[in-house]
Engineer: 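Sharing a structure with you now.
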Amino acid sequence: MDENSNVYTVEEVKNDLKYFAKGKKLYTTIVYHASIDARTVLEDSFESEYENNMYEDWIDFIINDITDEDVEKVQAVIDEILSR
């Protein structure tokens with residue numbers, strides 16, 4: 001990436017070293033892929049709802065009712081959204 005936020009591959013920089021050697025500042029970046037865990041999302045959401053609106057012990061019933069199949073379905077939706 002240069003000072004104008006243009007992104008170049010390593011290959012492009014190597015192929016045109018004369019252009020990039022003219023006092024241009026280059027910055028490196030890394031690829032980051034979000035990793036969101038469905039079980040954590042569900043538990044955090046239910047915990048927030050419990051703290052703000054629900055009766056005592058509600059959280060225990062809800063958390064125990066989350067199945068692996070529920071988590072897999074939610075994870076599939078999250079993964080699909082993140083893959084776009």
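Keep in mind it's a predicted model, so treat the numbers as computed, not measured.
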Engineer: With a sphere of 6.0 Å drawn around CG of Asn53, does it hold more than 12 non-hydrogen atoms of other residues, nucleotides or ligands?
Structural biologist: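 Yes, enclosed.
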Engineer: What distance separates Asn6 CG from Glu12 CD, expressed to the nearest 0.5 Å?
Structural biologist: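 Answer for the CG-CD pair, Asn6 versus Glu12, is 10.0 Å.
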Engineer: Between the side chain of Gln75 and the main-chain N/O of Ile36, is any donor-acceptor distance below 3.5 Å?
Structural biologist: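 Flag set: sc Gln75 to bb Ile36 pair under 3.5 Å.
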Engineer: Are the side chains of His33 and Leu82 in contact, using a 4.5 Å heavy-atom criterion?
Structural biologist: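 Result no, sub-4.5 Å side-chain heavy-atom pair not found.
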Engineer: Do the rings of Tyr50 and Trp58 sit parallel, tilted or perpendicular, given the 30° and 60° boundaries?
Structural biologist: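 Parallel, since the angle between the ring planes stays under 30°.
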Engineer: So Leu42 and Val74, side-chain contact (heavy atoms from CB on, under 4.5 Å) or not? Walk me through it.
Structural biologist: CA-CA 9 Å; Leu42 290 170; Val74 173; 4.2 Å; yes
Engineer: Using a 4.5 Å cut-off on heavy atoms from C-beta on, say whether the side chain of Met54 contacts that of Ile59.
Structural biologist: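 When only atoms from C-beta onward are counted, Met54 and Ile59 do not touch, as no gap falls below 4.5 Å.
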Engineer: With a 4.5 Å heavy-atom cut-off, do Glu72 and Asp70 have their side chains touching?
Structural biologist: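 With C-beta onward as the side chain, the pair stays apart.
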Engineer: Quick one: does Phe61's side chain get under 4.5 Å of Phe46's, heavy atoms only?
Structural biologist: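 They are not in contact (no side-chain heavy atoms under 4.5 Å apart), so the answer is no.
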Engineer: Hey, what do you get for CG (Asp60) to CG (Asp65), rounding to the nearest 0.5 Å?
Structural biologist: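 Nearest 0.5 Å value for the CG-CG distance: 11.0 Å.
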Engineer: Atom NZ of Lys73 and atom CD1 of Ile78: how far apart are they, to the nearest 0.5 Å?
Structural biologist: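 One gets 14.5 Å once the value is rounded to the nearest 0.5 Å.
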Engineer: Same cluster or not: Ile63 versus Tyr55, using hydrophobic residues (I, L, V, M, F, W, Y) connected whenever any side-chain heavy atoms lie under 4.5 Å apart?
Structural biologist: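 Yes, Ile63 and Tyr55 fall within the same hydrophobic cluster.
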Engineer: To the nearest 0.5 Å, what is the distance between CD on Glu43 and CG on Asp37?
Structural biologist: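 Between atom CD of Glu43 and atom CG of Asp37 there are 8.0 Å.
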Engineer: Strictly distance-based, threshold 3.5 Å: is any side-chain N or O of Ser45 a donor or acceptor partner for the main-chain N or O of Val41?
Structural biologist: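 The answer is yes, because a donor-acceptor pair under 3.5 Å joins these two groups.
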